[in-house]
Number of protein chains: 4
Amino acid sequence: MKEVVLGALGAGRIGKLHADNILAMPGVRLKLIADPYIDEDWARTLGLSTTLDPAELFSDPEIAAVLIFSPSNLHAEQIITAAEAGKHIFCEKPIALDPDRIRQALLAVETAGVKLQVGFNRRFDPDIKRVKQAVDDGEIGQMQLIRITSRDPAPPPMDYLRISGGIFLDMTVHDFDLVRFLSGSEVDEVYAAGAVMVDPAIGEIGDIDTAVTTMKLSNGALAVIDNSRQAAYGYDQRIEVFGSLGSISAVNLTATRTVLATAQGVVTDKPLHFFLERYHRSFRVEIEQFIRSIRDDTPPPVVGRDGLNAILIGLAAQASLERGKPVRVSEFSGEDPG
Amino acid sequence: MKEVVLGALGAGRIGKLHADNILAMPGVRLKLIADPYIDEDWARTLGLSTTLDPAELFSDPEIAAVLIFSPSNLHAEQIITAAEAGKHIFCEKPIALDPDRIRQALLAVETAGVKLQVGFNRRFDPDIKRVKQAVDDGEIGQMQLIRITSRDPAPPPMDYLRISGGIFLDMTVHDFDLVRFLSGSEVDEVYAAGAVMVDPAIGEIGDIDTAVTTMKLSNGALAVIDNSRQAAYGYDQRIEVFGSLGSISAVNLTATRTVLATAQGVVTDKPLHFFLERYHRSFRVEIEQFIRSIRDDTPPPVVGRDGLNAILIGLAAQASLERGKPVRVSEFSGEDPG
Amino acid sequence: MKEVVLGALGAGRIGKLHADNILAMPGVRLKLIADPYIDEDWARTLGLSTTLDPAELFSDPEIAAVLIFSPSNLHAEQIITAAEAGKHIFCEKPIALDPDRIRQALLAVETAGVKLQVGFNRRFDPDIKRVKQAVDDGEIGQMQLIRITSRDPAPPPMDYLRISGGIFLDMTVHDFDLVRFLSGSEVDEVYAAGAVMVDPAIGEIGDIDTAVTTMKLSNGALAVIDNSRQAAYGYDQRIEVFGSLGSISAVNLTATRTVLATAQGVVTDKPLHFFLERYHRSFRVEIEQFIRSIRDDTPPPVVGRDGLNAILIGLAAQASLERGKPVRVSEFSGEDPG
Amino acid sequence: MKEVVLGALGAGRIGKLHADNILAMPGVRLKLIADPYIDEDWARTLGLSTTLDPAELFSDPEIAAVLIFSPSNLHAEQIITAAEAGKHIFCEKPIALDPDRIRQALLAVETAGVKLQVGFNRRFDPDIKRVKQAVDDGEIGQMQLIRITSRDPAPPPMDYLRISGGIFLDMTVHDFDLVRFLSGSEVDEVYAAGAVMVDPAIGEIGDIDTAVTTMKLSNGALAVIDNSRQAAYGYDQRIEVFGSLGSISAVNLTATRTVLATAQGVVTDKPLHFFLERYHRSFRVEIEQFIRSIRDDTPPPVVGRDGLNAILIGLAAQASLERGKPVRVSEFSGEDPG
């Protein structure tokens, strides 16, 4: 098995998680990690070479692929640079919040003929894969409705929210991707209803914290997502796909399957509290599949267009919220996705 | 305890169910039941007096209240006649599909000073009452979102569908009432997305069989209902109310709580298949509370305005579906419900 | 449908429950109820005729069957008197605590050629019937193990415990009957381990409050029952039958199927707290089937021998506890039940 | 953090699993692995040094601890040799099937002053740790009963069964350890009822495949374990501890938390099929804690006496089965464990 040599940009929370996973993968070497604020203690414990200068990665001929775990506003530029350097690319979502900027990045990738995988990790979660399998194998018949509940345990800091692009581009974008993934179909039209119920400060910066988003899909089915920036009981991640023969649902995962029965009631665990716990396996599997696509020279499982289209749906949702009526995604895509 | 004497109009499926329940209630006498197509064998077995002529009920001075279980298109007229005869009235939903006709009926009730209870039975279901209690007692904090799934096991006959008023007035109207009941609030605006996924014949008569309806409530919260005319696994009736301190959900009821584990999987019961099974207790309790409101001379727990407002939301939903955009309920109520 | 006329002995808690049920049964008339301490208000509300003298029932030629809901120590004598009067008999468990006394009663029944049904109501519970069906239909293959958990919410009063016959004859006897019912087999040998963990006063009267009873069945399978006189979370009634193809379990029933999720955990209802709630349907069904066996002249679904054999197992369990080793049931039956 | 250097004896299924886990532990080095039938391809892929000769490990002064993953019949001898070489020892269960042989091994460990941890991995399972925590924190009050269901998906090969020591020493021994672990108490007396229900061939070699084992504990509580060598639906591992304030249960883990609802029923996943999947985390944690006990010079979390006492209970269970009556564990321990 030929070794695949990687370089990483960014060693924040998500970058460290990925690095830990990659170190345990046979046949893969994480040669260099670039971060202007690198945690040297962490890197030393893991025996990782570091640099403050991303250019070192791009110029290293041994490095076959670059993993982009940097702040979102750097993604597009780093994709372009990496593509021009002939590196394959794994990039955390989003590529950019501006679709034109995304298109520039995708053009660079296409021109260079390198692979780009976007970090929609949830597609690789075992429970979600089981849902997808039930859909694809016809266990629920013809798809009629997708229903997603996606609620965070607590809002991110206001400093983050200000540059997040709003709830639809920051949070719902994962759910939009799942709608596309599970349906194998595009979203034609979006209607978003929103409210500020969690924290008035979120409203003051022009964002919302509670949303119900309805979609019409090109396969004729409907989809609906409800989001909240805060669920008191933890990270609530549920999916249901309903079809002509039945439904397949994924309910919340818990730390244990224990049950405490007392005079106060019968109590089970709250959902796993944090996205890194809930989706921990998916982060490893998405990188494994990226490595495999390089090794086998096959298309990566999540491509640039997936990154673009989820953002386009998010923009349509945002426009719907502002206009108070449904918006067609084609308004943003410059094409008819049907 | 003073006996309450009742007369009933209609002894079809729902009328028989109610009659069975009433016969087991202490202090209540079902004196006469009028139906042009009365099932005499059934009546004789239960020892019920029958007539083909509704007028007999209205003119009987001993009868304090009339129970209207007749076809929907007769409800409003019978309410008016009963009110003019000074009888208290229990009427199955809907009062009428036309809000002006409903208003005529409510005016007659008000003028006569009699009580009118509308048959939104689900409010009396033990599970739904527990949800309401959690909301009212503050167990979930400030309400942020109501989520209802309401799917029938199979569509009604096409003959019925043609006169049903459409999915929103026929089926979702129960869910609209629950949104009002659980929130203690009014619906300001409705957006309905619909599809014909179950049976093309439903589309041919201008109706839909699959719907997602989003609502903005006057308390600032959102609500969303998903409906289907057919769920392969049975009658799917779930509610979730989400608030600042947590959520309260009601999942499906089953005939047993048994679990069969074999090499094929771990199998539990499907939901109770039929609305008469699922909500059987609620049908008895709603009548008990109607009797109590007569006995104690208190307002009935579901009043005429509840019957009207649910229909107005349904009309707004239908208009939203047709126009492809959100519609304010006030357009149909002639007032601002906020 | 020919009317079946009944008389009842005893109108305590269980007698009232049965009377309420019987009044709602078509084609059945509860003509007379005898109780030296009859609650006249209750009887008047229901329109029931009462007497202080049981002899009135026995001598009434119209009464076809006598329902014995009196204190346990009167059961055998009343069975004998009723049999001699030619009445069919439904008798709450136990017939007696002394097997010779039971045999006398059964002999009287046999001699008179009347029907006797013993009140092992749990056999008619819908969940337990589903378990039985899975066993009988071969859904779990060849039976290998029966596992029963049976825990009361709280111990009965000490005055009752003193005359109860001990935990095995009073409480476990229901579970012993279920082992026989579910297996369609007899119990050959019993080993009982006991402890006083709930209340030392129970130990002081020579009884135990916590028990694990293991049985070897004549079909080769094993069975195990764990009992407690007190479960803080309510009435715990679970059954599992394990076989070569899988298992069928019945878990606890609850008042609602609601789920409350907050920062404190995910909470569902405690088990239904009281045996009258948990098994309410079974009490009605057992009488319905008794009526049917009279009407159709078929054997009742639970016969005198069922009442005897459960007691014999209980006596063997008690002997096992005292001797500290397994005891064969045949020691008490005077026969080899294999 | 000072590096801990390890050597391993045995690289079969369980040895490979442990080696994989150890390679991902920071601050730990697996220097050498000895196995006469070593899988060289596997070792090379992981970069592991191997030898056919265990003596190399014992004589290597850099190796601080020896991990014994060899066949059970070698354990005691290897413990003695390792202890004499001054190595700390982690040994898979059982130390030996003969208690005198175990005592020899423990004496060698004590004499050498090294640490010995026995591989009762289930103690480190997150669900079981949560049960233990509920017990220790008083969440269920005073312990009254422990109930364990432990069923394998399929019997091991007959060749293995012949040398396994029988179901109690091979399979139930894990459950006996859990009874001791959860109760913090010793087992005084055991009664075992057994049957051959799965495979007659198991009976022909003098073993059983179905068992119910009842125990009296020195804290006054009872415990009961039911075992089967074959559950058609997979690996069934459930625990319930019942106390004066309630109960804590651990139910089966599944690969996903998805629910498929169709006309055939509502289906969830079968239990994880294999002990390596079910308890995969526990295998890592037990080694981590062994490493920590070396690093911090604290007693290991599972000691030699734990290995001995579980075997003594197993011997008492086997004797009980053969004699058909309860047996005191002290008969085998040569002491009164109370």
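Every chain is numbered from 1 and lettered A, B, ... according to where its sequence line falls, protein lines coming before strand lines.
With respect to chain B, the highest number of heavy-atom pairs below 4.5 Å among C:Ala24, C:Ser249, C:Ala250 belongs to C:Ser249. Annotation: maximal heavy-atom pairing with chain C below 4.5 Å, among B:Gln264, B:Arg238, B:Arg130, B:Glu240, occurs at B:Arg130. When the candidates C:Asp125, C:Val259, C:Val131, C:Thr262 are compared by the number of heavy-atom contacts under 4.5 Å with chain B, C:Val259 comes out ahead. Note on B:Gly47, B:Gly141, B:Ser247, B:Ala255: by heavy-atom pairs under 4.5 Å with chain C, the leading option is B:Ser247.
B:Asn252 touches chain C through its backbone: at least one of N, CA, C or O sits under 4.5 Å from a heavy atom, while the side chain does not. Heavy-atom distances place the backbone of B:Leu245, and not its side chain, under 4.5 Å from chain C. Contact annotation for C:Leu46: neither backbone nor side-chain heavy atoms come within less than 4.5 Å of a heavy atom of chain B. Of the two parts of C:Asp20, neither the backbone nor the side chain holds a non-hydrogen atom closer than 4.5 Å to a non-hydrogen atom of chain B. For a residue to count as touching a neighbouring chain, one of its non-hydrogen atoms must lie under 4.5 Å from one of that chain's; by this rule C:Ala263 touches chain B with the backbone only.
Atom OG1 of residue B:Thr258 and atom CD1 of residue C:Ile248 lie 4.5 Å apart, to the nearest 0.5 angstrom.
Residues C:Leu260 and B:Glu139 form a side-chain contact, since some pair of their non-hydrogen atoms from C-beta on lies under 4.5 Å apart.
Although no hydrogens or angles enter the test, the distance criterion places no donor-acceptor pair under 3.5 Å between the side chain of C:Asp127 and the main chain of B:Thr256.
The shortest non-hydrogen separation linking C:Arg257 to B:Leu253 is CG-CD2, 3.3 Å.
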